[in-house]
A.B. asks: 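Encoded as structure tokens, here's the structure I'll be asking about.
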Amino acid sequence: MKKWMIAFTATTTILALSGCNNEKGDDSKVVAETSAGNVTQAELYDALKKRFGEEVLRELVYEKVLGDTYEVTDKELDDRLTELKAQLGQNFEAALMQSGFKDEDQLKQTLRISMLQEKAALADVEVTEDEVKEYYEGKKEDIRASHILVEDEATAQEVKKKLDEGGDFAELAQEYSTDTASAANGGDLDWFGPGKMVPAFEEAAFSMEVNEISEPVKSDFGYHIIKVTEKMGSFEEMREKLEDELRRSKIGQETVDAAVEKELDKANVKVKESSLKNTFEKEEPTEAEKTDEQ
């Protein structure tokens, strides 16, 4: 996930409380009762505001300001979520919980704002025809493949038989493959070009058609069953995708920050709540962040 994705903790709760807080001015509404005294809605709201206020205000302002100029469609959002799930594989649910998201809806809200930031940064990024053509020339032989790696030929033949009988490649990769990193993603190895894999694997993979599944292929790592899932199309077929990749490769944290700051300046953002007045003040980068940028 892009590192400029802003953190998201308790936003939904605060938004709900904010809405309630404005209803009939009933700040004394009790949200929890104890023998030692009650906790009111106002107390809870104030506590959450102190702990998460700047973070949530920043997110809300980004959504309003950036959303007024740029659009993230439901399809774009769903595609990004699918991409994230593919990257995390079986670790997706654990990562969701560890990041403080209650469910996918909360994650999608943060993804949407991250994508709005990204679109703001991409607005002024251009690539030339020559750049796209050069990029294509360097990738035109690339393929995308998945594999199931096992230790011995007998197991490989067992897996291949299950595949021939209609077994799901991704599920069998998760069950059998000793390459745990790719197994978590259903065996997916992503895109790669010539010279990136061991010779036996490469020889088999580059001779296959899309969706073809190989016989067991022996290498120093064991026995591979390979499935080619994608190949590069013609330049015209791939132009839009490659242009998008190139543009994205030209933006980073500094570009995104500058683009968002530009949009906030145009929107004339003024924070009226005194306790949150420093929310949009620039922060000097730490020494560690300066080192990372270098």
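Since the model is a prediction, treat every value here as computed from it, not as a measurement.
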A.B. asks: Checking the side chain of Ser99 only, and the main-chain atoms of Leu96 only, is there a donor and an acceptor separated by less than 3.5 Å?
C.D. replies: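 Flag not set: sc Ser99 to bb Leu96 has no pair under 3.5 Å.
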A.B. asks: When rounded to the nearest 0.5 angstrom, what is the spacing between CD in Gln109 and CG in Asp103?
C.D. replies: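 So the CD of Gln109 and the CG of Asp103 are separated by 10.5 Å.
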A.B. asks: Please indicate whether Phe221 has more than 12 foreign heavy atoms, meaning atoms of other residues, nucleotides or ligands, lying under 6.0 Å from its CZ.
C.D. replies: no
A.B. asks: Should Ile113 and Val260 be regarded as members of a common hydrophobic cluster, given that ILVMFWY residues are connected when their side-chain heavy atoms come within less than 4.5 Å of each other, either directly or indirectly?
C.D. replies: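 As far as the 4.5 Å side-chain criterion goes, Val260 and Ile113 are connected within one cluster.
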A.B. asks: Please list all pairs passing the salt bridge (charged side-chain N to carboxylate O under 4.0 Å, His left out) test where one or both residues lie in residues 123-135, with sequence neighbours left out.
C.D. replies: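 Only Asp124-Lys262, Glu129-Arg239, Glu131-Lys250 qualify under salt bridge (charged side-chain N to carboxylate O under 4.0 Å, His left out).
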A.B. asks: Among residues at least two apart in sequence or on other chains, which ones pass salt bridge (Lys or Arg N to Asp or Glu O under 4.0 Å) with Glu151?
C.D. replies: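 Partners of Glu151 under the salt bridge (Lys or Arg N to Asp or Glu O under 4.0 Å) test: none.
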A.B. asks: Between Arg112 and Leu77 (side chain of the first, backbone of the second, donor and acceptor by atom type, cut-off under 3.5 Å), is there such a pair?
C.D. replies: no
A.B. asks: Looking only at atom types and distance, does a side-chain atom of Ser214 sit under 3.5 Å from a main-chain N or O of Pro216, one as donor and one as acceptor?
C.D. replies: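 Such a contact is absent between Ser214 side chain and Pro216 backbone.
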A.B. asks: CG of Leu172 to OG of Ser146: how many Å apart, nearest 0.5 Å?
C.D. replies: 12.0 Å
A.B. asks: Measuring only between side-chain heavy atoms, which start at C-beta, is Glu254 closer than 4.5 Å to Asp257?
C.D. replies: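 Of all side-chain heavy-atom pairs linking Asp257 with Glu254, none is under 4.5 Å.
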A.B. asks: Between Met115 and Tyr70, is a side-chain contact (heavy atoms from CB on, under 4.5 Å) present by the stated rule, with each step listed?
C.D. replies: CA-CA 9 Å; Met115 292 170 72; Tyr70 307 98; over 6 Å; no
A.B. asks: So, are Glu118 and Arg248 salt-bridged, with charged N and O less than 4.0 Å apart?
C.D. replies: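 A salt bridge links Glu118 with Arg248.
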A.B. asks: Does the pair Phe206 and Phe201 meet the rule for a side-chain contact (heavy atoms from CB on, under 4.5 Å), with working shown?
C.D. replies: CA-CA 9 Å; Phe206 280 94; Phe201 184 102; over 6 Å; no
A.B. asks: Do any N or O atoms from the side chain of Asn38 and from the backbone of Thr40 form a donor-acceptor pair under 3.5 angstrom?
C.D. replies: no
A.B. asks: May I have all residue pairs that pass salt bridge (charged side-chain N to carboxylate O under 4.0 Å, His left out) and include part of residues 221-231, sequence neighbours excluded?
C.D. replies: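 The answer is Arg144-Glu230.
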A.B. asks: Taking atom CD of Glu273 as the centre, report whether more than 12 heavy atoms of other residues, nucleotides or ligands fall under 6.0 Å from it.
C.D. replies: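 Yes, CD of Glu273 has more than 12 neighbouring heavy atoms, counting only those of other groups under 6.0 Å.
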A.B. asks: Please check if atom CG in Asp220 has more than 12 non-hydrogen atoms from other residues, nucleotides or ligands closer than 6.0 Å.
C.D. replies: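 Not buried by this count: 12 neighbours or fewer within 6.0 Å.
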A.B. asks: So, Glu76 side chain and Thr73 main chain: donor-acceptor pair closer than 3.5 Å or not?
C.D. replies: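 At least one qualifying donor-acceptor pair exists.
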A.B. asks: So does Leu149 get a backbone contact from the side chain of Ser177, meaning a donor-acceptor N/O pair under 3.5 Å?
C.D. replies: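 The answer is yes, because a donor-acceptor pair under 3.5 Å joins these two groups.
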A.B. asks: Only pairs at least two apart or in different chains count here, so list each salt bridge (charged side-chain N to carboxylate O under 4.0 Å, His left out) that has a residue in residues 170-185.
C.D. replies: none
A.B. asks: Check this for me: does any side-chain nitrogen of one of Lys64 and Asp68 sit under 4.0 Å from a carboxylate oxygen of the other?
C.D. replies: no
A.B. asks: By side-chain contact (heavy atoms from CB on, under 4.5 Å), which residues pair with Val269, not counting sequence neighbours?
C.D. replies: Val61, Val65, Leu264, Ala267, Phe280
A.B. asks: After noting the C-alpha distance and the side-chain angles of Ser182 and Asn185, does the key distance pass the side-chain hydrogen bond (donor to acceptor under 3.5 Å, both in side chains) rule?
C.D. replies: CA-CA 5 Å; Ser182 68; Asn185 295 323; over 6 Å; no
A.B. asks: Check whether any side-chain heavy atom of Leu116 sits under 4.5 Å from a side-chain heavy atom of Tyr62, and report yes or no.
C.D. replies: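 Of all side-chain heavy-atom pairs linking Tyr62 with Leu116, none is under 4.5 Å.
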A.B. asks: Do any N or O atoms from the side chain of Ser114 and from the backbone of Thr110 form a donor-acceptor pair under 3.5 angstrom?
C.D. replies: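 No; judged by distance alone, with no hydrogens or angles, the pair does not exist.
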A.B. asks: Among all residues two or more places apart in sequence or in another chain, which pass the side-chain contact (heavy atoms from CB on, under 4.5 Å) test with Lys139?
C.D. replies: Tyr135, Asp142, Met232, Leu242, Glu245
A.B. asks: What do you reckon, is CD of Glu137 surrounded by more than 12 foreign heavy atoms closer than 6.0 Å?
C.D. replies: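 Correct, the count exceeds 12.
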A.B. asks: List the residues meeting side-chain contact (heavy atoms from CB on, under 4.5 Å) with Asp79, not counting sequence neighbours, and say none if there are none.
C.D. replies: Lys75
A.B. asks: Is it the case that Ser234 and Glu236 place a side-chain donor and acceptor less than 3.5 Å from each other?
C.D. replies: no
A.B. asks: Partners of Thr69 by side-chain contact (heavy atoms from CB on, under 4.5 Å), sequence neighbours excluded?
C.D. replies: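 Partners of Thr69 by the side-chain contact (heavy atoms from CB on, under 4.5 Å) criterion, ordered by chain and then number, come out as Glu263.
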A.B. asks: Between Val228 and Glu209, is a side-chain contact (heavy atoms from CB on, under 4.5 Å) present by the stated rule, with each step listed?
C.D. replies: CA-CA 7 Å; Val228 173; Glu209 298 298 324; over 6 Å; no
A.B. asks: Any pair with a residue in residues 81-91 that passes salt bridge (charged side-chain N to carboxylate O under 4.0 Å, His left out), sequence neighbours left out, goes on the list, sorted by first then second residue, please.
C.D. replies: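 Listed by first then second residue: Arg80-Glu83, Lys85-Glu104.
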A.B. asks: Could you check whether Asn268 and Lys266, counting side-chain N and O atoms only, form a donor-acceptor pair closer than 3.5 Å?
C.D. replies: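 No pair is found: no donor N or O on one side chain lies under 3.5 Å from an acceptor on the other.
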A.B. asks: Kindly work out whether a path of hydrophobic side-chain contacts (I/L/V/M/F/W/Y, heavy atoms less than 4.5 Å apart) joins Phe52 to Val31.
C.D. replies: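 Same cluster: Phe52 reaches Val31 through Ile, Leu, Val, Met, Phe, Trp or Tyr contacts under 4.5 Å.
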A.B. asks: Mind checking salt bridge (Lys or Arg N to Asp or Glu O under 4.0 Å) for Glu93 and listing every partner two or more places apart, or none if nothing turns up?
C.D. replies: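 For Glu93, no residue satisfies salt bridge (Lys or Arg N to Asp or Glu O under 4.0 Å) once neighbours in sequence are set aside.
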A.B. asks: Which residues pass the salt bridge (Lys or Arg N to Asp or Glu O under 4.0 Å) test with Lys160, sequence neighbours left out?
C.D. replies: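 With sequence neighbours excluded, Lys160 shows a salt bridge (Lys or Arg N to Asp or Glu O under 4.0 Å) to Asp164, Glu215, given in chain and number order.
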A.B. asks: I'd like to know if Ile148 and Leu189 are part of one continuous hydrophobic network [Ile/Leu/Val/Met/Phe/Trp/Tyr, side-chain heavy atoms within less than 4.5 Å].
C.D. replies: no
A.B. asks: Please, which pairs that meet ring pair (Phe, Tyr, Trp, His ring centres under 6.0 Å) have at least one residue in residues 232-260, sequence neighbours excluded?
C.D. replies: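 Passing the test, one end in residues 232-260: Tyr136-Phe235.
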A.B. asks: Under a plain distance cut-off of 3.5 Å, with no hydrogens placed, do Tyr223 and Gln157 share a side-chain donor-acceptor pair?
C.D. replies: no
A.B. asks: Checking side-chain contact (heavy atoms from CB on, under 4.5 Å) for the pair Ile213/Ile225: CA distance, chi angles, key distance, verdict?
C.D. replies: CA-CA 7 Å; Ile213 297 175; Ile225 298 173; 3.7 Å; yes
